[in-house]
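Beneath this line is the structure, given in structure tokens, with notes to follow.
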There are 2 protein chains.
Amino acid sequence: MDLTDSPSPVQAPARREQTAAFSPLYQQIRQLLLQALEKGEWKPGDMIPSEFDLARRFHVSQGTVRKAIDELAAEHILIRRQGKGTFVATHREPVVRFRFLRLSPSDGEAVPAESEILWCRKMRANAEVAAALDLRSGDGVIYIRRLLRFRGEPTVVDDIYLPASMFKGLTMAVLTENDGPLYGLLETRFGVSMVRADERLRAVPAAEDVAQLLNIECNKPLLRVDRVSYTYGDRAVELRYGHYLTDQYFYRNTLM
Amino acid sequence: MDLTDSPSPVQAPARREQTAAFSPLYQQIRQLLLQALEKGEWKPGDMIPSEFDLARRFHVSQGTVRKAIDELAAEHILIRRQGKGTFVATHREPVVRFRFLRLSPSDGEAVPAESEILWCRKMRANAEVAAALDLRSGDGVIYIRRLLRFRGEPTVVDDIYLPASMFKGLTMAVLTENDGPLYGLLETRFGVSMVRADERLRAVPAAEDVAQLLNIECNKPLLRVDRVSYTYGDRAVELRYGHYLTDQYFYRNTLM
DNA sequence: TAGTGGTCTAGACCACGGA
DNA sequence: CCGTGGTCTAGACCACTAG
């Protein structure tokens with residue numbers, strides 16, 4: 001029984017100042033679970049302890065742990081499997097990739113992307129990149145340009161910026177030998193899990209270099225997707241400019 | 001105490017066939033609540049009965065009602081307000097509109113849209129419209145074309161198709177005198193609440209008529225948004241083709 | 001002060017997966 | 001068969017709002 005997290009349980013909610021910000025027990029448990037994930041106590045794909053074990057560890061009831069896990073499951077940070085246990089989500093599972101790559105074919109079946117790495121080099125962050133990644137201008141970043149094909153058709157050009165300090169050893173060779181999703185690589189090799197991303201979409205004319213890669217004429221309309229990805233604790237760890245050719249594919253979204 | 005919904009409570013989950021599809025009590029309650037909403041028992045903006053009242057009505061515990069309401073609140077169909085009650089969501093609240101109109105300015109503050117109705121006429125559904133709205137080709141639909149401006153700048157052209165049978169009396173005059181959101185009008189005047197929408201985004205060159213309305217040159221890249229909106233029970237009730245000018249605005253999205 | 005939603009508990013039992 | 005998550009209950013108490 002591990003008590004290190006809370007020698008005197010967690011802050012008892014009963015005895016608190018009326019004026020203090022009220023934080024329910026299950027939210028505190030949620031934070032403790034997030035911290036454990038951040039520390040790497042459980043890795044993507046791992047099963048975490050059972051609800052009763054966690055309840056003992058945190059000195060709360062199983063129902064309270066359950067509610068904390070409910071929230072993390074709703075955020076797709078944890079995944080519950082009845083009869084088996086609760087697991088740390090991983091981008092290696094196709095169901096997760098599906099959430100982050102939102103291109104679907106206008107007709108026909110969805111098909112896995114074929115990725116070709118065109119560039120990978122270290123450089124210094126300009127003001128825009130630095131601002132997005134919460135770095136200082138001039139800090140080291142890894143720049144990756146890649147081309148995605150579906151059924152052999154060039155469809156997406158991605159320009160990706162990652163903080164160099166977090167991904168030491170990420171080279172062309174490493175990227176090329178990885179045949180799964182990029183986020184899967186970042187997870188297993190660097191221990192960084194992407195949990196959320198904000199995207200901004202615009203229609204833009206194709207620049208010359210992108211047009212060449214996609215085998216289209218210059219100035220043809222492309223869907224440009226600017227993405228900032230976050231890991232636990234809302235820490236931005238990736239800036240990505242995507243150019244999507246949407247003749248045969250579309251970006252799907254559900255409003256609720 | 002109203003028992004009409006369930007003279008013999010709801011189906012007791014304890015005594016069911018192992019092979020039968022298992023539906024937890026709280027899901028059955030959720031369905032009953034949805035049916036009540038669909039019947040119009042509570043209108044958008046209304047407060048629904050308290051959790052304890054509903055528990056008595058359905059012969060279940062308050063906790064079970066609570067879980068049903070939790071789900072409907074997560075879907076933004078109901079809205080909980082601590083200390084006040086639980087309310088039926090309405091598109092008149094700005095917080096809801098914000099979820100369905102996802103354009104944000106590249107810089108500066110968000111600003112309300114000014115809507116100008118350009119067309120409103122009844123016509124017959126072609127195959128594409130009929131398929132999207134689950135109608136037969138040739139069924140009556142109402143076609144609306146409108147222009148949205150932000151700070152006076154023409155930014156969005158929407159072509160909207162609605163089943164005529166559901167929106168009898170929806171005319172140019174009705175649309176013009178309505179100064180709130182379209183979905184608010186459909187709610188209060190026709191009792192149809194939009195609960196969910198699926199969108200498909202592409203980059204396309206501006207057609208001539210749209211370019212004129214947006215005051216841009218022909219073939220300039222536009223973000224085209226095809227939307228199908230649903231009311232309770234996954235019933236499609238609106239097909240909308242939007243053309244967004246994304247020079248000063250972008251479509252925002254969060255991946256989780 | 002009353003009424004609403006929100007939290008937390010303890011316990012019983014069911015559904016599911018795997019040994 | 002056991003261990004996991006999933007459901008349901010009853011009851012106590014807290015937090016928020018409004019009259």
Side-chain angles (χ1 to χ4, degrees), chain A residues 6 9-33 42 45-74 76-89, chain B residues 6 9-33 42 46-74 77-89:
Chain A
S6 51
V10 263
Q11 176 160 20
R15 291 273 68 82
R16 25 173 51 265
E17 301 300 319
Q18 282 197 352
T19 50
F22 171 64
S23 171
L25 255 186
Y26 74 87
Q27 284 292 357
Q28 300 178 42
I29 304 301
R30 175 178 175 277
Q31 287 303 325
L32 291 174
L33 291 173
W42 313 300
D46 283 0
M47 177 176 152
I48 72 171
S50 77
E51 295 177 352
F52 279 101
D53 285 348
L54 289 169
R56 276 191 292 276
R57 165 164 165 180
F58 296 129
H59 301 101
V60 297
S61 75
Q62 175 258 359
T64 300
V65 169
R66 183 170 185 77
K67 188 145 188 191
I69 293 179
D70 276 346
E71 291 217 340
L72 294 172
H76 304 109
I77 291 174
L78 297 178
I79 300 186
R80 323 187 79 132
R81 295 193 214 284
Q82 182 170 143
K84 299 214 258 184
T86 300
F87 299 79
V88 182
Chain B
S6 52
V10 263
Q11 177 160 17
R15 292 273 68 84
R16 25 176 50 267
E17 301 300 321
Q18 281 197 351
T19 51
F22 171 64
S23 171
L25 255 186
Y26 74 87
Q27 285 291 357
Q28 300 179 44
I29 304 301
R30 174 179 175 279
Q31 287 302 324
L32 292 173
L33 290 173
W42 313 300
D46 283 0
M47 177 175 151
I48 71 170
S50 78
E51 296 178 351
F52 279 101
D53 285 349
L54 290 169
R56 276 191 290 276
R57 166 164 163 181
F58 296 131
H59 301 101
V60 297
S61 76
Q62 175 257 359
T64 300
V65 169
R66 183 168 185 78
K67 186 146 189 189
I69 293 179
D70 276 346
E71 291 217 340
L72 294 173
I77 291 174
L78 297 178
I79 300 184
R80 322 187 79 131
R81 295 193 215 283
Q82 180 170 140
K84 299 213 256 187
T86 300
F87 299 80
V88 182

- prompt: To the nearest Å, how far apart are B:F22 CZ and D:dT7 P?
  reply: 6 Å
query: Quick one: which of D:dA15, C:dA10, D:dT4 gets closest to the side chain of A:M47?
result: D:dT4
Closest non-hydrogen atom pair, B:L54 against B:P49: CD1-O, 3.5 Å
message: Base, sugar-phosphate or nothing for B:F52? Non-hydrogen atoms, less than 4.0 Å.
response: nothing
- request: Check the distance between D:dA10's P and B:R56's CZ and give it to me in whole angstrom.
  value: 13 Å
task: Respond yes when some side-chain nitrogen or oxygen of A:T64 is under 4.0 Å from OP1 or OP2 of C:dT9, and no when none is.
output: yes
Presence of salt bridge, B:D70 and B:K67, under 4.0 angstrom: no
field: Non-hydrogen atoms of B:Y26 and B:A68 that approach each other most closely
entry: O-CB, 3.3 Å
query: Atom CZ of A:R57 and atom CD1 of A:I29: how far apart are they, to the nearest 0.5 Å?
result: 10.0 Å
message: I want to check a possible cation-pi pair here: B:R81 against B:F87, using under 6.0 Å from ring centre and within 45° of the ring axis as the test.
response: yes
- request: Starting at atom CD of B:Q28, determine the distance to atom C1' of D:dT7, rounded to an integer number of angstrom.
  value: 12 Å
task: For the pair A:E51 (side chain) and A:V65 (backbone), establish whether a donor and an acceptor sit closer than 3.5 Å, ignoring hydrogens and angles.
output: no
task: Could you let me know what C:dA15 is paired to, Watson-Crick or G-U wobble, both distances under 3.5 Å, or none if it's on its own?
output: D:dT4
statement: Between CG of B:L54 and C1' of C:dT4 the distance, given in whole Å, is 12 Å
- prompt: How far apart are the closest heavy atoms of A:A73 and A:R80, and which atoms are they?
  reply: CB-CG, 4.0 Å
Interatomic distance, A:Q62 CD vs C:dC13 C1' [rounded to whole Å]: 12 Å
query: Atom CD of A:E51 and atom P of C:dC14: how far apart are they, to the nearest Å?
result: 18 Å
query: Does A:Y26 have a side-chain nitrogen or oxygen under 4.0 Å from the phosphate oxygens OP1 or OP2 of C:dC8?
result: no
Strand contacts (DNA chain C) in residues 79-88 of chain B, 4.0 angstrom heavy-atom criterion: B:R80, B:R81, B:Q82, B:G83, B:K84, B:G85, B:T86
- request: Grab the CG-P distance between A:D70 and D:dG5 for me, whole Å please.
  value: 12 Å
message: Between A:R66 and D:dG5, is there a contact of a side-chain N or O with OP1 or OP2 at under 4.0 Å?
response: no
task: Starting at atom NE2 of A:H59, determine the distance to atom C1' of C:dA10, rounded to an integer number of angstrom.
output: 17 Å
